[in-house]
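Single-structure report; data block below.
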Amino acid sequence: MIKTLHKAVVESVKELYNTTITAEEISIQKTKKEFEGDFTLVVFPFTKLSKKKPELTAEELSNKLKEKTNIIASTQIIKGFLNLTFHDEVWIDFLKSESKNHSYASTEIDKNQQPVLIEFSSPNTNKPLHLGHVRNNLLGDSISRILSANGTHIYRINLVNDRGIHICKSMLAWQKKAQNETPESSGLKGDKLVGEYYVAFDKLYKKEIEELIAKGITKEEAEKQAPILLQAQNMLRKWENGDEEIYNLWQKMNQWVYQGFDETYKKMGISFDKTYYESETYLLGKEVVLEGLSNNIFYQAEDGSVRVNLENEGLDEKVLLRSDGTSVYMTQDLGTAVLRAEEYNPVQMIYVVGNEQNYHFEALKLILTKKLNYKFAENIFHLSYGMVELPSGKMKSREGTVVDADDLMTEIIEMAKQKTQELGKNDFTEEELQLLAEKIGLGALKYFILKVDPKKNMLFNPDESIDLNGNTGPFIQYTHARICSLIRKAKTIEIVDYKGVNLLQLEKEILLSLYSYPETIKQAAKELNPSVIANFIYDLVKNYNRFYQEIPILKETDTTLRSLRLDLSIFTAYVIRHGMSLLGIDVPEKM
RNA sequence: GGUUCCGUAGCUCAGCUGGAUAGAGCAACUGCCUUCUAAGCAGUAGGUCAUGCGUUCGAAUCGCAUCGGAAUCACCA
């Protein structure tokens, strides 16, 4: 319909004003609720061509469009706005042809096309996942789903940061304090256990700094000289030199963490096509750096560290290898980028990483493109998302203000369970109730996070927790469940041809919304923005709920009307389910 | 200090490729369950779109300046 309209406008302008315009120059939008019409053509831009008043221009275009197409039933002109109303028949044809189409808004993926790589999650193995990771994981997962739905061939990549000084810190603290404590002996989840020793290291470190300061050493010096830090640095060198004892300890502790992570990912419903481990790729990064050094692209500073100068690009000097030869963060990101480009030959590499690392990714891209001349790196895209803040400010693991991912999920599922019981929904078995509560709780959490624009910082208030009413996941799930209930009851009802019926305003609004769904997916894919989908579904569901409340569906005695409304409901349920699946949210058939 | 991002109702957020009277949810108040699931629906109230100047037929949206906030500028990741 919209395409037909665009084409007709182009032709009309050509005939009336002898000017060729492109479809992009035409502004057609949904008509605002206060006015009569389905779509609105903004005619202000054409007044320059017509050299006539907006109303007159609209009038001329209106007549021409009606001549050229057979879909327009009526038009209404208000100032420079031309409101177009389509024949009901057009909408009914749309409903009839698409309402049972199980591939509506789905695009086939061509596995032969060059893939898009999307890296997300990328945890460190020294502490458990928290709310910040949750946003990262949900964004990465949802964007993967949206791109797939839009026909893009993608690979989900996880890059586990399993080595480095931070890992050595937990290892060292464990050696000193743990007395061989294990997940089994402590009953703690593996990632939680290791996380505790990371915190323990920090305590010891702070204590040593204080002691040094008391001896008259400056704070700055103390931070560099604290024995435990030197030991950690020494441990990292040993690790990089393949020291057997250190290596075994490292493997053991990482294994604990992976088991913990797997549990969390599983609960969250997140998976990857490929997991890289920094321990397996950091050497490649070193090679890249050393090669750049021998080609004089990088240089060795007096202290022995290898650096790159990005001052001409508006940045500073960056260290690529420490003076003791060990790798930094940049080293491994250079390595894995090159590796991935070789392995997948991607058209694009998306990194889902918080906006606190904007500088890092700018530098990474510059080094790869400007310094090392890698063509593929032009298509590196840092999907920079905002921080999740608490009312008290930023989360700090060392201050114990982090919101743990597992705890958060457990709590909200428990809340959903309570709420279900409160509402007196008793016809579930204990097992069904648990499954339902998981769907609702996780739905609430995922929707809460995904409905906000990724690039904006967002606030999470643990005291108020997450709503289950209003603009929330459960609200949408509930609407879906009600439609499913209708469909169940309608099993025996005969569907008759409803061609020729007159549509109610509410019905048409829902159809307009359903019609715009494929375009919404395209937009979300283009912007890499799940909130576009979330807001769309909310809008659809609000319209549907009003319809459901005000208009009889199964109770309607006119069989043509009843059939139409049932089809409309079935179609709406499909789009809700489809849209929510793009957010990684399950919708129950009963709740 | 340099760079980047942000500022919309009491709170959390939509709207931002310029378009009509700036929208939701929460919280507050008022109605609606013998009728398809009330996790719902309808309504009341709540705004100098941080401020100023500019661009134009038209600015929350674009530009400049100011104020306020955040991130970053590590041999951390």
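Note that the structure is a prediction, hence the values are computed from the model and not measured. Protein chains get the first letters and strands the later ones, always in sequence-line order, with residue 1 at the start of each.
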For [N] versus [M], give the span between their [atom1] atoms, rounded off to a whole number of Å.
| N | M | atom1 | answer |
| --- | --- | --- | --- |
| B:C6 | B:A20 | C1' | 29 Å |
| B:G25 | B:C62 | P | 27 Å |
| B:U61 | B:G1 | C1' | 31 Å |
| B:C29 | B:C67 | C1' | 37 Å |
| B:G52 | B:G7 | C1' | 16 Å |
| B:C41 | B:A24 | C1' | 15 Å |
| B:A42 | B:G47 | C1' | 23 Å |
| B:G46 | B:U34 | P | 33 Å |

Closest approach to the side chain of [X], judged atom by atom: which nucleotide of [options] is it?
| X | options | answer |
| --- | --- | --- |
| A:Thr40 | B:A39, B:A42, B:A20 | B:A20 |
| A:Lys394 | B:C13, B:C36, B:A71 | B:A71 |
| A:Tyr548 | B:A14, B:A38, B:G19 | B:A38 |
| A:Phe475 | B:U37, B:A14, B:G40 | B:G40 |
| A:Lys32 | B:A20, B:C36, B:C13 | B:A20 |
| A:Ala481 | B:A24, B:U12, B:U37 | B:U37 |

A:Glu223 and A:Lys219 ion-paired at < 4.0 Å
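Counted as a salt bridge, because a side-chain N and a carboxylate O are separated by less than 4.0 Å.
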According to the 5.5 Å centroid and 30° plane-angle thresholds, does A:Phe44 stack upon the nucleobase of B:G58?
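Answer is no, no stack.
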According to the 5.5 Å centroid and 30° plane-angle thresholds, does A:Tyr538 stack upon the nucleobase of B:A24?
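Ring-base stacking flag not set for A:Tyr538 and B:A24.
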So, is [X] near the phosphate of [N], with a side-chain N or O under 4.0 Å from OP1 or OP2?
| X | N | result |
| --- | --- | --- |
| A:Arg482 | B:G40 | no |
| A:Asn469 | B:G40 | yes |
| A:Arg488 | B:C36 | no |

With a 3.5 Å distance limit and no angle check, can you tell me whether A:Thr472 reaches the backbone of A:Phe475 through a side-chain donor-acceptor pair?
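Side chain of A:Thr472 to backbone of A:Phe475, a donor-acceptor pair under 3.5 Å: yes, one is there.
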5'-most by nearest nucleotide on RNA chain B - A:Phe35 or A:Leu423:
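Closer to the 5' end of RNA chain B: A:Phe35.
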Taking all non-hydrogen atoms of both residues, which atom of A:Pro462 and which atom of A:Pro391 are closest, and how far apart?
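Of all heavy-atom pairs spanning A:Pro462 and A:Pro391, the closest is CD-CD, 3.9 Å.
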Please identify which of these residues, A:Asn158, A:Val353, A:Thr275, A:Val352, meets the side chain to side chain contact (heavy atoms under 4.5 Å, CB included) condition with A:Ser122.
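Option passing the side chain to side chain contact (heavy atoms under 4.5 Å, CB included) with A:Ser122: A:Asn158.
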Can you tell me the pairing partner of B:G52 across any strand shown, Watson-Crick or G-U wobble, with both distances under 3.5 angstrom?
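Result: B:C64.
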With distance as the sole criterion, is a donor-acceptor pair present between the side chains of A:Arg565 and A:Ser563 under 3.5 Å?
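Note: A:Arg565 and A:Ser563 side chains miss the donor-acceptor criterion.
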